[in-house]
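Data first, discussion second: the structure below is written as structure tokens.
Throughout, a chain's letter reflects where its sequence line sits, starting with A, and its residues are numbered from 1. The basis for the numbers below is simple: all heavy atoms, side chains too, and nothing from hydrogens, waters or symmetry mates.
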2 protein chains.
Amino acid sequence: MASPPEEEAPGPVGSGPGAAGDGRGEEAFDAALWRYTGYRMRRAWGVVQADMAEALRPVGLRNSTFSALAMVCTRPGLTQTELAQAIAVERPNLVVLLDELAARDLIRRERRESDRRSFALLPTAAGQKLFRRAQALNDAHEARLFAGFDAEERAALNRLLARVEGRE
Amino acid sequence: MASPPEEEAPGPVGSGPGAAGDGRGEEAFDAALWRYTGYRMRRAWGVVQADMAEALRPVGLRNSTFSALAMVCTRPGLTQTELAQAIAVERPNLVVLLDELAARDLIRRERRESDRRSFALLPTAAGQKLFRRAQALNDAHEARLFAGFDAEERAALNRLLARVEGRE
DNA sequence: TATTGTTATACTCTATAACTATA
DNA sequence: TATAGTTATAGAGTATAACAATA
């Protein structure tokens with residue numbers, strides 16, 4: 001597996017004719033890919049995603065269901081449209097996630113009398129309990145995964161990731 | 001849509017009973033989720049992924065096919081197992097990607113005489129040409145997406161992302 | 001008309017087991 | 001037996017169109 005170097009200057013488009021590699025051996029750094037922040041992000045996300053999935057397995061949650069449950073627990077009463085927006089999931093896809101959580105009796109949908117088209121999403125007692133356990137598991141997972149990062153580095157990464165979304 | 005704050009201290013596990021939100025209005029920061037680097041990474045990756053997909057549409061490449069083509073162009077002769085390892089794609093999944101590229105006559109598989117089980121992957125002239133075009137499109141996409149980042153910030157993000165994978 | 005939740009659908013990525021041909 | 005490439009398959013994330021109920 002090719003390893004990334006320290007960093008890579010943004011630089012201009014091509015570094016030459018696309019065919020020739022850099023000629024180094026199996027330790028060769030594949031600059032054509034690693035110079036892209038997007039490629040690095042896919043790789044990093046793959047690692048984090050896999051570790052998180054493993055960490056949440058004991059509570060039967062995935063990344064998506066954890067996010068949904070977290071929002072319902074910390075902002076009870078929000079609607080599905082609001083939740084979809086908050087966690088960046090399309091509404092049709094959210095329905096399935098919520099069905100899953102509701103089937104396990106972790107959340108419930110309550111018709112809003114003020115607008116009977118929408119539901120207020122509420123956590124059940126079991127949902128709150130499971131969420132706290134899931135939170136602890138996820139905290140442990142991140143602590144393990146980012147063990148090599150000090151507080152400043154961690155904060156810097158968090159800040160930079162938020163900025164990628166165009167939010168300040 | 002909830003917005004992230006500056007940053008979030010790693011801190012201990014739970015900040016209290018999971019039910020209560022922070023009570024702010026629609027601008028409320030959903031700390032329960034945004035405190036996780038993993039969550040931020042999923043969100044950031046979603047943005048980058050969507051923008052990259054859009055950018056590569058003119059050349060008919062996706063993130064995965066671009067990565068594969070990039071490796072074949074810059075390290076011609078590598079085998080499928082080596083490529084799968086290099087771009088972190090399972091070998092069975094890589095077969096489909098390479099079939100797609102081969103069907104478009106962008107790459108070709110050449111039996112290795114030294115070990116007739118494996119193929120040497122080689123770019124065609126058309127593949128090299130398309131790759132250079134794709135590279136330009138991807139460069140433009142990253143330049144646009146990371147326009148708000150100066151060279152140092154960009155380098156810092158690249159370095160931190162590489163470290164998430166546990167590589168130094 | 002517009003919006004909320006929903007159904008249906010399709011595409012992509014990811015992951016695993018098992019087969020074949022070669023070694 | 002072990003490895004390279006392959007097939008088949010299943011799970012999950014993501015995206016869009018269209019519908020019923022409600023506003």
message = Pick the closest DNA chain C nucleotide for A/Arg109 and for B/Val89 by heavy atoms, then say which residue is nearer the 5' end.
response = A/Arg109
Common cluster, B/Met71/B/Leu137, ILVMFWY with side-chain heavy-atom separation under 4.5 Å = yes
request  = Describe, in one word, how the ring planes of B/Tyr36 and A/Phe66 are oriented to each other, choosing from parallel (under 30°), tilted (30 to 60°) and perpendicular (over 60°).
outcome  = perpendicular
ask   = To the nearest angstrom, how far is A/Leu78 atom CG from C/dG5 atom P?
value = 9 Å
key: Spacing between A/Glu100 atom CD and C/dT6 atom C1', to the nearest angstrom   = 17 Å
Length of the CG-C1' vector between A/Asn93 and C/dC11, whole Å = 12 Å
inquiry  = Among residues at least two apart in sequence or on other chains, which ones pass side-chain hydrogen bond (donor to acceptor under 3.5 Å, both in side chains) with B/Arg62?
reply    = B/Glu100
key: B/Leu94 CG - D/dT7 P separation (whole Å)   = 13 Å
request  = Would you verify whether the NZ or CZ of A/Arg112 falls within 45 degrees of the ring axis of A/Phe119 while also being under 6.0 Å from that six-membered ring's centre?
outcome  = no
key: Interatomic distance where CG belongs to A/Asp99 and P belongs to D/dG13 [whole Å]   = 14 Å
request  = Let me know the distance between CZ of B/Arg42 and P of D/dA12, rounded to the nearest Å.
outcome  = 16 Å
key: Short side-chain N/O contact from B/Thr81 to OP1 or OP2 of D/dG5, under 4.0 Å   = yes
request  = May I have the distance from B/Leu83 (atom CG) to D/dT6 (atom P), rounded to whole angstrom?
outcome  = 12 Å
query = Counting only non-hydrogen atoms, which of residues 48-56 of chain A are less than 4.0 Å from DNA chain D?
reply = none
message = At less than 4.0 Å, is any side-chain N or O atom of A/Ser64 found next to OP1 or OP2 of D/dG13? Yes or no.
response = yes
note = Per-nucleotide protein contact along nucleotides 18-23 of chain D, 5' to 3', at a 4.0 Å heavy-atom cut-off (B base, S sugar-phosphate only, - neither), is ----BS
inquiry  = Can you see if the side chain of A/Arg91 gets near the phosphate of D/dA15 - specifically, an N or O under 4.0 Å from OP1 or OP2?
reply    = no
query = For the residue pair A/Trp34 and A/Tyr39, does the interplanar ring angle fall in the parallel (under 30°), tilted (30 to 60°) or perpendicular (over 60°) class?
reply = perpendicular
query = Given atom CZ of B/Phe119 and atom C1' of D/dT6, what is their separation to the nearest angstrom?
reply = 10 Å
Smallest separation among heavy atoms of B/Arg42 and A/Ala88, with atom names = NH2-O, 3.2 Å
ask   = What pair of heavy atoms forms the shortest contact from A/Asn158 to B/Arg40, and how long is it?
value = O-NH1, 2.9 Å
ask   = Looking at A/Phe146 versus A/Phe149, is the centre-to-centre ring distance below 6.0 Å?
value = yes
task = Please indicate whether A/Arg111 has more than 12 foreign heavy atoms, meaning atoms of other residues, nucleotides or ligands, lying under 6.0 Å from its CZ.
result = yes
